[in-house]
There are 2 protein chains.
Amino acid sequence: MGITERKQKARLAMRTLILDTAMRLFLEEGFEKVTVRRIAGAIEYSPATIYLYFRDKNDILFALHAEGFDRFYRLQQTVLQVKDPWERLRMHARVYISFALENREYYDLMFIMRGPVEKLKAARDWSVGIRSYDFLKENIRDCMAAGYLPKTEVDVAAFAIWSFTHGMASLIIRQRCAMISPDLLSSVVDGAIDFMTARIEKGKMIGKGRRK
Amino acid sequence: MGITERKQKARLAMRTLILDTAMRLFLEEGFEKVTVRRIAGAIEYSPATIYLYFRDKNDILFALHAEGFDRFYRLQQTVLQVKDPWERLRMHARVYISFALENREYYDLMFIMRGPVEKLKAARDWSVGIRSYDFLKENIRDCMAAGYLPKTEVDVAAFAIWSFTHGMASLIIRQRCAMISPDLLSSVVDGAIDFMTARIEKGKMIGKGRRK
DNA sequence: TAATTATATGAACATCGTTTATTTGATGAG
DNA sequence: CTCATCAAATAAACGATGTTCATATAATTA
């Protein structure tokens, strides 16, 4: 059936056109510019048309949310270049923070905003997120195997480490760091990562010369 | 001047009436019920009246924000009962999390929401928040003095620890913990606190019997 | 060519935060 | 006591928002 196939293609093209436009508004003009009417205006369609392709606005936000996780995952994979598990975990934290700070709108959408997530029940909708989380857990397992971390429950350690990095990112993005002077902020963040990783590392006082 | 004094009192009474009502809507019916019109309706005034007492909606949110910090600070002080600095710091983390999870709307307002904070520049508007932060720093200093933590920069350590607890709280409140089964969540949180504090503690492998 | 179906839209609805012109009610002066 | 003055309260409106629905247009099928 060539005809229904073409229609499906057109339908999908329209969906991605809407998404790309929404994304562009998001990145270029920031948060509040993403309104159904503005998206429609940018592609020169009526606002009502949007609703032929997305159930509601959160449906659009969720699609961007998924796209964000995809970008995040790809960036995250670059830490695989680092062979030593411990250094890789440290790199992991730094990459996480820099993604968050250089893609604030995305990060907000993915990890902070209420909208995209609230009408979503199925676990499979989280698959892109869980993939990244599993990657972190794998890294932690490697650290445990190599003796950098004690062999505790991986889920607990992963949640703890994730919470730490997410905490920094979200405090900065949502501007709760007034007590830290802006020009010191990035060095405090680096310092915090160093502090945490140095503190977390297993049995560093014993010193069998494990580190290079 | 008895007359202007009475007027000032009436004015303040109206302000607190509005705030209390906004607060009640917040706590009883959750987030989205706090609208200027609904607040006005609840106290049986016109919406326009609200604007005689608050510049805009964020002005109201900010007042609640401040009230939240006050509650938070008072709860936080209870950790002073714990004499040992290290145990006090651990208690600090647990108290932080339980405040966040038992007062989600408040916590959201204080540490996550964009609204209350965005039109606020003056440092003194943060004073209630900074007071709590200073309290944490004091605790960390005590831990360093007692040898539980290395003597690094207090600001860095405080930011790191705060980020960790805030990270957990905000991930849970904004529902980003789909990968952790809900009935395990609280034990994972406890586990994460244990993991972090156990890992963070200075020189625990040397064991000079410092701990009781 | 006529009937059917998918696509697009204009206009409307309800709601939001906010502003302005107007009315109400209390206070002070003559 | 009456009238002018001033602050408090409001009704009505403005410009937004997300969303829906009846209608019109274009494409496909019979």
Side-chain angles (χ1 to χ4, degrees), chain A residues 1-19 21-23 25-26 29-65 109 113-120, chain B residues 1-19 21-23 25-26 29-65 109 113-120:
Chain A
M1 278 250 188
I3 118 103
T4 58
E5 189 180 333
R6 193 192 59 203
K7 287 217 168 181
Q8 278 183 1
K9 254 199 169 65
R11 189 170 176 78
L12 200 133
M14 188 65 168
R15 264 187 76 97
T16 59
L17 175 63
I18 293 171
L19 285 181
T21 307
M23 192 99 78
L25 290 177
F26 229 115
E29 324 211 27
F31 227 64
E32 65 287 346
K33 296 283 177 182
V34 180
T35 144
V36 178
R37 279 180 167 83
R38 236 183 287 263
I39 297 170
I43 60 175
E44 297 186 292
Y45 275 84
S46 152
T49 304
I50 305 286
Y51 289 85
L52 298 178
Y53 297 90
F54 293 90
R55 193 149 38 83
D56 56 20
K57 192 189 176 184
N58 281 343
D59 204 11
I60 299 176
L61 292 186
F62 177 68
L64 300 184
H65 171 270
L109 203 53
M113 271 189 67
R114 278 206 141 90
V117 105
E118 76 185 4
K119 295 207 173 172
L120 153 171
Chain B
M1 279 251 186
I3 120 104
T4 58
E5 189 180 335
R6 192 192 58 204
K7 288 216 169 181
Q8 279 184 0
K9 253 199 169 68
R11 187 168 178 79
L12 200 133
M14 189 62 168
R15 263 187 76 97
T16 60
L17 175 63
I18 292 171
L19 285 181
T21 307
M23 192 97 81
L25 289 177
F26 231 115
E29 324 209 27
F31 229 63
E32 64 288 347
K33 296 285 177 183
V34 180
T35 143
V36 178
R37 281 179 165 84
R38 236 182 289 263
I39 297 170
I43 61 175
E44 297 186 294
Y45 275 84
S46 151
T49 305
I50 304 286
Y51 289 85
L52 298 178
Y53 298 90
F54 294 90
R55 192 148 40 82
D56 55 22
K57 191 189 176 185
N58 282 342
D59 203 12
I60 300 177
L61 292 186
F62 177 69
L64 300 184
H65 171 269
L109 205 52
M113 270 190 67
R114 279 204 139 91
V117 104
E118 76 186 4
K119 296 208 173 174
L120 151 174

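Order of the sequence lines sets the chain letters (A, B, ...), proteins ahead of strands, with each chain counted from 1. Just so you know, these numbers use all the heavy atoms, side chains as well, and skip hydrogens, waters and symmetry mates.
The nearest whole Å value for the distance from the OH atom in A:Tyr51 to the P atom in D:dA22 is 18 Å. Atom OH in A:Tyr45 sits about 5 Å away from atom P in C:dA8, given to the nearest Å. Taking atom CD of residue A:Glu44 and atom P of nucleotide C:dT9, one finds them 10 Å apart after rounding to whole Å. If you measure from atom CD1 of B:Ile50 to atom C1' of C:dT19, you get 15 Å, rounded to the nearest angstrom. In this structure, A:Arg38 places its CZ atom 17 Å from C1' of D:dT19, rounding to the nearest Å. One can place CD of B:Glu32 at 16 Å from C1' of C:dA14, the figure rounded to the nearest angstrom. To the nearest angstrom, C1' of D:dG18 lies 14 Å from CG of A:Asp59. C:dT7 atom C1' lies 16 Å from atom CZ of A:Arg15, rounded to whole Å.
With the end axes of the helix from C:dT1-D:dA30 to C:dT22-D:dA9 each set by five pairs, the angle from one to the other reads 20° at 10° resolution.
Two residues, A:Leu52 and B:Ala48, neighbour DNA chain C, and the one matched to the more 5' nucleotide by heavy-atom proximity is A:Leu52. When the nearest nucleotides of DNA chain D are assigned to B:Met14 and B:Arg37 by heavy-atom distance, the more 5′-ward of the two goes with B:Met14.
Taken from CD in B:Glu44 to OG1 in B:Thr21, the straight-line distance is 10.5 Å, to the nearest 0.5 Å. Remark: A:Ile50 CD1 to A:Asp56 CG distance equals 12.5 Å, nearest 0.5 Å.
The number of heavy-atom neighbours closer than 6.0 Å to CD of B:Glu32, taken from other residues, nucleotides and ligands shown, is above 12.
Closest to the side chain of B:Lys57, from the set D:dG18, C:dG17, D:dA9, is C:dG17. With D:dA13, D:dT19, C:dT7 as the choices, the nucleotide that has an atom nearest any side-chain atom of A:Tyr53 turns out to be C:dT7.
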- Message: Quick one, A:Ile18 with A:Tyr45, criterion side-chain contact (heavy atoms from CB on, under 4.5 Å). Give me CA distance, side-chain angles, the key distance, then yes/no.
- Response: CA-CA 10 Å; A:Ile18 293 171; A:Tyr45 275 84; over 6 Å; no

- Task: Could you please spell out the steps behind the side-chain contact (heavy atoms from CB on, under 4.5 Å) verdict for A:Phe54 and A:Val36?
- Result: CA-CA 11 Å; A:Phe54 293 90; A:Val36 178; over 6 Å; no

- Query: Between B:Met14 and B:Leu52, is a side-chain contact (heavy atoms from CB on, under 4.5 Å) present by the stated rule, with each step listed?
  - Reply: CA-CA 10 Å; B:Met14 189 62 168; B:Leu52 298 178; over 6 Å; no

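Note on A:Thr49: every side-chain N or O is 4.0 Å or more away from OP1 and OP2 of C:dT7. Here B:Thr35 reaches the OP1 or OP2 of C:dG17: one of its side-chain N or O atoms lies under 4.0 Å away. Checking the phosphate oxygens (OP1, OP2) of C:dA8, no side-chain nitrogen or oxygen of A:Ser46 falls inside 4.0 Å.
A donor-acceptor pair under 3.5 Å is absent between the side-chain atoms of B:Lys57 and the main chain of B:Gly115, judged by distance alone.
Within the nucleic acid shown, B:Phe54 has no heavy atom closer than 4.0 Å to any nucleic acid atom.
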